[in-house]
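See structure below.
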Amino acid sequence: MHEYLSGLNERQKQAVLHKDGPIMIVAGAGSGKTKVLTTRIAHLMAFHRVDAFNILALTFTNKAAREMKERIEKILGNADARNLYVGTFHSVFARILRGEAHRLGYPNSFTIYDTDDAKGVLKTVINEMNLDDKLYKPNVVYNRISSAKNALVNPAEYAVDYYIQQEDARSNRPAIAQIYDAYAKRCFKNGAMDFDDLLIKMYELLKNFPESLHKFQHKFKYILIDEYQDTNPAQYEVIKLLAAAHENVCVVGDDAQSIYSFRGATIQNILQFQKDYEDVTVIKLEQNYRSTQNILNVANEIISNNKNQIPKELWTENAEGEKIRLVRTMSDNEEGKFVADTIQEQKLRNHFSNRDFAILYRTNAQSRAFEESLRRMGIAYTMFGGVSFYSRKEIKDFVAYLRVVVNTRDEEALKRIINYPVRGIGKTTIDKCVLFANTHNISMWEVLEQAPRFGFKGGTLESIENFVVFIKGCQSMLQLKNAYEVAFHVGKQTNIVKELFNDKTTEGLQRYENVQELLNSIKEFTETPSNDDGEVGDKGLSAYLQQITLLTDADEKDPNADTVKLMTIHAAKGLEFPVVFAAGLEEMLFPNAMSINTREELEEERRLFYVVITRAKSKLWITYANSRYKFGQLVQNEPSRFIEEIPQQYLDRSFAGGGIRNQGTSFAQGSAFDRMRGFGASEQAEKLYGPPPSKRKDTVPAYVPPKSAPKVVEHKPSQDFVPSDTSNLQAGQKVEHQKFGFGTVSKMEGSTHNPVATVLFDLNGEKKIMLNYAKLRIVE
DNA sequence: GTAATTGCGCTTTTT
DNA sequence: GCGCAATTAC
């Protein structure tokens with residue numbers, strides 16, 4: 001037998017060796033499910049000689065997909081894995097749809113709307129319908145529509161379903177059905193799909209176009225699905241259609257870790273699976289290889305409080321390990337301080353590296369206190385789940401140009417850029433355009449193209465025409481040049497890059513760098529032979545745009561960096577860390593106030609607690625704060641009810657009552673007031689009396705982030721300043737810069753397309769100058 | 001048509 | 001305490 005099988009236990013081996021027919025693997029936390037999945041795929045390829053092109057593996061995150069592919073490659077020891085279809089539901093379906101979109105009436109270069117775009121469309125639609133946007137908040141409406149889509153409920157069904165209508169009537173939002181309908185039509189008109197559309201359009205494609213169905217059924221002879229407990233009905237139905245021909249479908253999941261029901265995921269899919277296929281092989285993986293006995297005991301104990309679950313017993317041969325430490329602090333800031341102190345202490349005492357620690361919490365808003373204290377202690381950290389690079393304003397603005405070039409029907413993008421940078425096409429004009437577009441049933445772009453016909457004149461007309469000519473120019477350029485060159489052209493012609501470059505505030509500098517990074521990423525994309533989900537393929541702009549909208553924050557950061565990881569529990573699913581801090585175990589926060597109204601909601605919160613516990617390999621801290629700031633105001637919180645569910649014998653409560661008292665160093669650091677009244681008391685007092693004099697002086701130690709860009713010593717460009725041709729610039733030459741003054745080139749680097757000169761300025765020190773954007777006059 | 005200032009509502013989790 | 005939207009002034 002093959003070498004790769006030797007590291008598997010009996011059940012794992014059974015799961016790997018099962019070749020044809022439906023199989024469900026119920027895999028407890030830490031039971032090696034990724035190993036089983038990857039080995040199974042490798043075995044199909046290496047032993048059964050299944051062609052990589054015929055295997056489809058679906059995951060929930062790009063990260064999981066990438067990791068899976070890497071591991072398969074490693075097992076196989078060759079490049080065959082490259083041709084596998086491994087990716088998220090969304091990215092795989094988007095790719096398929098890009099080839100088939102025309103059948104559904106979409107352009108093949110359809111735009112993908114992220115949540116922001118979708119909410120923007122909703123906002124316009126709600127306004128156009130003259131509905132009150134205080135009542136019909138885009139957020140609320142979006143969630144409602146999204147749930148409908150994930151359950152494959154279309155606008156027509158939504159409008160006639162009695163219970164849905166009752167619910168909407170009761171919440172005083174009876175018009176959601178009409179909004180849903182208008183929204184769907186508008187997205188279609190814009191040639192755009194939102195995240196949910198990627199699933200339901202895929203479903204419609206397979207359902208309504210037999211030739212497509214046949215094609216993909218035939219292509220995907222083996223289908224594997226990770227995190228099956230998190231699939232929603234739309235995903236379920238697509239899988240069912242795809243798998244109908246061969247029925248070689250392998251699902252892996254753990255009902256105890258189902259934490260996405262808010263997104264329409266349903267445990268029913270696991271139960272239903274056994275009914276949909278005859279003769280399903282079910283394999284339970286119950287041996288945990290990750291955590292200590294103590295951690296696992298607590299996890300088992302917690303989850304046993306849930307009624308609805310598939311019976312299983314998770315066990316381990318690992319050592320008993322330490323008790324779980326329970327820590328109470330006075331405030332959220334103290335909690336942050338405690339965690340940072342403890343990390344520091346553990347690093348020294350047990351030789352841990354930064355990468356061994358994770359701080360996991362219920363909501364993203366909790367990250368702040370941890371960030372601050374880690375920064376103060378000089379501990380490197382990575383926060384996952386902040387604003388994604390691609391959702392930064394400057395990036396979205398820039399990308400909007402590319403979106404319009406690729407798909408002029410994309411009204412959201414068009415509105416975003418039509419007056420950015422300011423070109424004299426203001427709100428009135430835009431409103432008019434939208435109105436004309438709606439009344440004539442054409443796109444906004446078509447209105448712009450025929451601007452004179454709609455009565456635009458004078459400066460406005462001229463601006464519109466210039467804009468149209470510019471976009472058309474980019475489009476024809478796209479025929480001949482690659483994505484990077486078009487993007488570069490946009491940056492240059494619109495002056496966006498230059499404008500950002502001239503903004504010398506810290507934020508401006510950052511924005512400039514971000515746009516540079518965007519350009520680099522486009523360049524990299526065009527130059528890399530194969531893209532992430534395998535097929536050597538489309539290097540076009542629309543493929544790039546698709547990729548970046550489906551990329552999440554987690555995909556942009558290096559998970560292997562030697563840093564403490566900060567993220568929500570949701571984001572931590574599937575990961576493991578030697579030391580875990582489960583933070584904010586308070587009523588109203590965890591379980592969250594939004595999720596304590598039904599048994600189902602509460603059980604999902606409990607599963608979330610189960611997930612956070614089972615992330616820990618050897619050490620686990622559970623922390624909570626007496627009070628924390630919730631948008632400006634201090635709120636008191638009770639300890640989480642989940643804490644009471646932990647059996648005493650697994651707990652070390654020695655810190656629980658006294659805040660950080662036992663941590664040695666900290667007690668002495670507390671102020672007298674703090675020591676008398678309890679840790680954190682002075683923070684509350686500060687609210688009443690203002691900061692003490694000692695605090696008003698700058699006593700913040702060590703790391704102080706630069707508040708503003710280093711001062712530039714003003715330089716008045718010479719009268720005869722004419723930018724030179726710098727294509728042959730060499731180190732050693734003397735140059736003049738409009739702002740920085742005179743200097744000497746010390747180094748030339750960067751590529752031919754994007755040369756960068758390092759210049760030592762006489763007055764302003766060393767600067768890196770991008771020759772494509774900055775103008776230099778060669779002096780000698 | 002644009003730039004600056006105030007005000008309001010928001011935070012649950014994500015592809 | 002922040003980001004977006006409406007209001008106001010230019």
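Quick caveat, the model's predicted, so the values are computed rather than measured. A, B, ... follow the sequence lines: proteins, then strands. Residue 1 opens every chain.
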Practice item. Just call it for A:S595: base, sugar-phosphate, or nothing, with non-hydrogen atoms closer than 4.0 Å on any strand. Key: base
Check your understanding: Looking at A:N419, does any N or O in its side chain come under 4.0 Å of the phosphate oxygens OP1/OP2 on B:dT2?
Key -> yes
Check your understanding: Contact class for A:T115 (heavy atom, under 4.0 Å): base, sugar-phosphate, or nothing?
Key -> base
Practice item. Please determine if a side-chain N or O atom of A:T429 lies less than 4.0 Å away from the OP1 or OP2 oxygen of B:dG1. Key: yes
Exercise for review: Describe the nucleic acid contact of A:G424 in one word from base, sugar-phosphate, nothing, applying a heavy-atom distance below 4.0 Å.
Suggested key: sugar-phosphate
Point to revise | Quiz item: cation-pi between A:R263 and A:Y260, 6.0 Å / 45° | key: yes
Review point. Does one side chain, of A:S640 or A:E586, offer a donor that lies under 3.5 Å from an acceptor on the other?
Key: no
Exercise for review: Remember a base hit wins even if backbone is also touched, and classify A:D196 as base, sugar-phosphate or nothing at under 4.0 Å, heavy atoms.
Suggested key: nothing
Point to revise | A:R95 charged N/C atom sitting above A:Y85 aromatic ring, 6.0 Å / 45° | key: yes
Practice item. Quick one: label A:K123 by what it contacts on the DNA or RNA (base, sugar-phosphate, nothing), any heavy atom closer than 4.0 Å. Key: sugar-phosphate
**Study point:** Between P of B:dG1 and CD1 of A:I418, the distance in whole Å
**Key:** 11 Å
Revision key, fill the gap. Checking A:R403, A:R416, A:R186 against A:D410 for salt bridge (Lys or Arg N to Asp or Glu O under 4.0 Å), the one that qualifies is A:R403
Exercise for review: Between A:R368 and A:D133, name the one whose nearest nucleotide on DNA chain C is closer to the 5' end.
Suggested key: A:R368
Practice item. Return no unless some side-chain N or O of A:N139 is found under 4.0 Å from OP1 or OP2 of B:dT11. Key: yes
Review point. Between A:T549 and B:dT15, does any side-chain N or O lie under 4.0 Å from OP1 or OP2?
Key: no
Check your understanding: Across the strands shown, which category fits A:N364 at heavy-atom distances under 4.0 angstrom: base, sugar-phosphate, nothing?
Key -> sugar-phosphate
Review point. To the nearest Å, how far apart are A:E605 CD and B:dT12 C1'?
Key: 8 Å
Practice item. Mind checking A:K137 for me? I need base, sugar-phosphate or nothing, with any heavy atom below 4.0 Å counting as a touch. Key: sugar-phosphate
Practice item. Could you tell me whether A:F89 contacts a base, only the sugar-phosphate backbone, or nothing, with contacts defined as non-hydrogen atoms closer than 4.0 Å? Key: nothing
